[in-house]
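On a predicted model such as this, the values are computed, not experimentally measured, just so you know. We count ligands from 1, going down the list as the structure has it; atoms in each ligand are counted the same way.
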Amino acid sequence: MKRRHFIHSALAAVPAVAFPRFLSAAESSAIPGDVEVLTLQGKEILLKGSDVQDLAARLRGELMLRDSAGYDSARRVWNGAFDRHPALIVRCSGAADVMEAVKFAASHQLLLAVRGGGHSLSGQSVCEKGMMIDLSQMNSARVDPKRRIATIEGGALLGALDREALALGLATTAGTVSHTGVGGLTLGGGFGRLARRFGLACDNVRAIDLVTAEGKFLTVSEQENKDLFWGLRGGGGNFGVATSFDFQLHPVDPLMFGGDLVYSFEDAPKVLEFYFGFAASAPDELNIDVSLVRLPNDQRFLKLDVCYSGPIANGEKVVAPLRQIRKPIQDSVAPAPYVKLQQSSDVATAHGHKFYIKAGFLQKTTAALIDDIIATIAGANLPVVNAVSLPQGGGAIARVKPGATAFAQRAAPHNMFVMSRWDDPAVNDAAGNWTRNAWKKLEPHTHGFYVNEFNDDSSRMRETYGANYDRMVALKSKLDPNNLFRLNPNVSPAKA
Ligand SMILES: Cc1cc2nc3c(=O)[nH]c(=O)nc-3n(C[C@H](O)[C@H](O)[C@H](O)COP(=O)(O)OP(=O)(O)OC[C@H]3O[C@@H](n4cnc5c(N)ncnc54)[C@H](O)[C@@H]3O)c2cc1C
């Protein structure tokens with residue numbers, strides 16, 4: 001990990017004032033001090049206090065400066081490795097605020113971060129000294145059961161989508177941790193327990209409300225702005241700010257068959273070998289994500305996170321072969337409410353820990369891959385949590401043509417990432433180095449990477465998007481020629 005990610009900014013406090021949400025007559029005459037900001041070009045400039053005041057007056061939501069009440073919690077994101085201080089946080093109340101904020105950022109050429117659920121593994125939803133568009137208050141979720149459509153605001157969390165849909169016996173693909181943001185997850189793809197059955201989260205999007213780099217509001221769907229609809233499904237935050245999503249929902253049994261099967265590390269090679277074969281021919285209703293973990297107390301194990309969404313009566317039979325590979329040391333696989341399964345990793349992935357991840361898509365599973373995964377976890381020896389995880393692909397994900405949406409890596413049987421999680425700043429460098437070295441061994445098994453996970457090697461963007469890359473560049477050049485939306489796995493616009 002680049003060292004600078006962990007350096008707390010020692011920059012002197014900039015002159016700024018707390019700015020109220022609604023200006024009283026007396027307050028509106030109190031123009032805030034000039035605000036020091038960073039531009040897209042990396043230059044430090046002073047924003048006039050009167051310009052900042054004008055922006056605040058145009059918002060229904062809040063404009064926060066460094067000493068505003070609530071600033072410190074608003075700037076924090078899920079990954080504790082990133083401790084950044086935006087000069088301005090626009091806490092938007094709706095699309096109109098997003099339009100104002102984007103126009104302001106564009107006209108002043110401000111470095112701009114967009115925060116949905118705040119779970120960016122690479123910390124790109126917060127920036128030092130730029131503007132942060134914070135969508136966290138735009139978190140409503142509404143279901144139309146007749147049309148089987150969920151309308152979800154751009155800053156909502158997955159738990160809201162699952163809960164509202166499940167209450168009506170409906171669901172769509174969402175990620176596996178309920179406090180992750182719908183916005184970032186969906187725009188980058190969106191793997192989850194139902195993805196092999198219903199496709200990625202982005203495959204289930206029917207329409208998106210988008211604010212472009214010019215601050216224009218567009219409705220984007222298969223019928224309107226079709227090219228952009230293609231790009232938004234996998235292209236991440238490159239093309240604008242999504243203020244709302246319409247998702248296709250599907251009838252499901254709210255009770256599914258799932259939980260964890262945990263095996264000893266000694267059994268891991270055998271289990272992994274069986275698992276890869278089994279996963280390749282599993283029914284679409286079965287999703288199994290595998291992780292090999294090493295804890296700071298030197299405990300190692302292999303975990304299968306199982307979810308079968310088919311007829312519950314078939315669950316035992318479907319899962320039986322996994323129980324027979326070797327005797328699990330823990331087995332919680334049983335009938336369980338889907339919403340509970342979706343929350344089962346919430347605590348283990350709580351906010352504020354430091355994380356560093358390297359990721360890529362597998363093309364095939366081989367004996368050499370198994371050896372390298374086992375060796376990676378066997379060799380871990382730091383006071384941190386280390387894991388190699390392989391969320392499953394295939395099924396409905398693979399039945400969408402690679403060119404049908406921007407998300408190109410349809411054929412990958414698994415996504416793979418290696419990660420370190422820790423708290424003590426004294427191990428920042430060691431954890432970063434360990435992850436990078438582990439990835440050197442694992443990366444040759446991969447092709448492209450999942451843009452929603454971190455891979456700080458931008459040279460792999462073309463590989464990631466494959467034949468879709470040139471179309472992405474054309475779209476980016478048309479919609480965002482100045483690359484206002486650059487804090488993401490970035491598709492650079494063509495030079496004018
Ligand atoms: C604990 C945890 C569990 C995860 N589990 C899964 C999983 O099961 N499946 C999976 O596929 N991924 C998973 N991920 C990865 C996840 O998809 C990404 O971290 C994703 O970026 C999270 O979205 P967010 O809105 O919370 O993130 P944010 O940090 O808010 O945003 C990340 C980036 O997305 C863009 N963005 C976010 N919202 C918007 C918006 N409304 N409009 C425009 N751009 C936006 C911005 O470019 C931003 O930099 C997980 C991540 C974490 C931390």
Side-chain angles (χ1 to χ4, degrees), residues 76-82 84 92 95 98 102 112-127 132-136 138-139 152-159 162 173-195 200-202 205 208-213 220 232 234-245 287 289 291 305 307 341-357 359 389 391-393 397 407 409 415 417 419 421 449-454 480 484-491:
R76 294 212 183 268
V77 288
W78 172 86
N79 190 342
F82 300 98
R84 294 180 179 150
C92 299
V98 176
V102 169
L112 181 65
V114 178
R115 183 202 194 279
H119 275 46
S120 165
L121 291 151
S122 52
Q124 285 176 305
S125 46
V126 63
C127 57
M132 179 195 219
I133 291 186
D134 172 8
L135 304 173
S136 62
M138 294 171 56
N139 55 17
I152 310 293
E153 273 191 299
L157 305 184
L158 298 178
D162 282 340
T173 303
T176 51
V177 171
S178 79
H179 49 70
T180 313
V182 172
L185 179 127
T186 303
L187 293 170
F191 287 80
R193 292 185 170 92
L194 302 180
L200 297 170
C202 72
V205 172
I208 297 178
D209 290 346
L210 190 83
V211 175
T212 68
V220 184
L232 286 173
N238 271 290
F239 302 116
V241 183
T243 57
S244 180
F245 296 85
N287 185 82
D289 297 341
S291 296
D305 178 326
C307 177
L341 291 174
Q342 288 288 80
Q343 294 166 348
S344 57
S345 298
D346 284 9
V347 173
T349 58
H351 292 72
H353 300 294
K354 298 183 172 81
F355 274 81
Y356 185 50
I357 284 188
S389 291
Q392 198 182 350
I397 305 167
F407 187 97
Q409 297 283 339
N415 170 28
F417 63 86
M419 69 106 191
R421 191 196 94 185
F449 68 98
Y450 182 28
V451 294
N452 277 354
E453 291 162 351
F454 192 29
D480 186 15
L484 179 66
F485 300 114
R486 66 180 59 187
L487 293 182
N488 44 49
N490 196 230
V491 176

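For ligand 1, one of its N or O atoms has an N or O atom of Gly117 under 3.5 Å away. Polar contact with ligand 1: absent for Leu135 (N/O pair, distance under 3.5 Å). Not a single N or O atom of Leu187, backbone or side chain, sits closer than 3.5 Å to an N or O atom of ligand 1. Residue Asn488 has no N or O atom closer than 3.5 Å to an N or O atom of ligand 1. Between Gly116 and ligand 1, at least one N/O pair is under 3.5 Å apart. Of the N or O atoms in Thr349, none lie within a sub-3.5 Å distance of an N or O in ligand 1. Not one N or O of Trp78 is nearer than 3.5 Å to an N or O of ligand 1, by distance alone. For a threshold of 3.5 Å applied to N or O pairs, the pair formed by Ala242 and ligand 1 contains at least one separation below that value. For ligand 1, the polar-atom distance check against Gly175 finds no nitrogen or oxygen pair separated by under 3.5 Å.
Shown in contact with Gly181 at under 4.0 Å from a heavy atom are these atoms of ligand 1, numbered in order with element: 23 (O), 24 (P), 25 (O), 26 (O). Less than 4.0 angstrom separates some heavy atom of Gly183 from each of these atoms of ligand 1: 37 (C), 38 (N). The ligand atoms of ligand 1 that sit less than 4.0 angstrom from a heavy atom of Val177 are 3 (C).
Distances from atom 33 (C) of ligand 1 to the protein include no heavy-atom value under 4.0 Å.
Looking at heavy atoms from C-beta onward, Asn490 lies in side-chain contact with Asn238 at the 4.5 angstrom threshold.
Paired with Tyr450 under the rule side-chain contact (heavy atoms from CB on, under 4.5 Å), one option of Ile357, Leu121, Asn415 passes, and it is Asn415.
The shortest contact between atom 19 (O) of ligand 1 and any protein heavy atom is with His119 O, 2.9 Å. Ranking the protein heavy atoms by distance from atom 46 (C) of ligand 1 puts Val114 O, 3.5 Å first.
Using a 4.0 Å heavy-atom cutoff, Gly240 is listed among the residues neighbouring ligand 1. The shortest heavy-atom distance from Gly189 to ligand 1 is not under 4.0 Å. Remark: distances from the non-hydrogen atoms of Val77 to ligand 1 are all 4.0 Å or more. The closest approach between Gly190 and ligand 1 falls below 4.0 Å for a heavy atom of the residue. Residue contacts with ligand 1: Tyr450 is included, with a non-hydrogen atom under 4.0 Å away.
Scanning for ring pair (Phe, Tyr, Trp, His ring centres under 6.0 Å) contacts around Phe417 gives an empty result, with sequence neighbours left out. Not counting sequence neighbours, the partners of Asp162 by the side-chain contact (heavy atoms from CB on, under 4.5 Å) test are Ala174, Tyr338, Gln342.
Between the side chains of Thr243 and Asp209, no donor N or O sits under 3.5 Å from an acceptor N or O.
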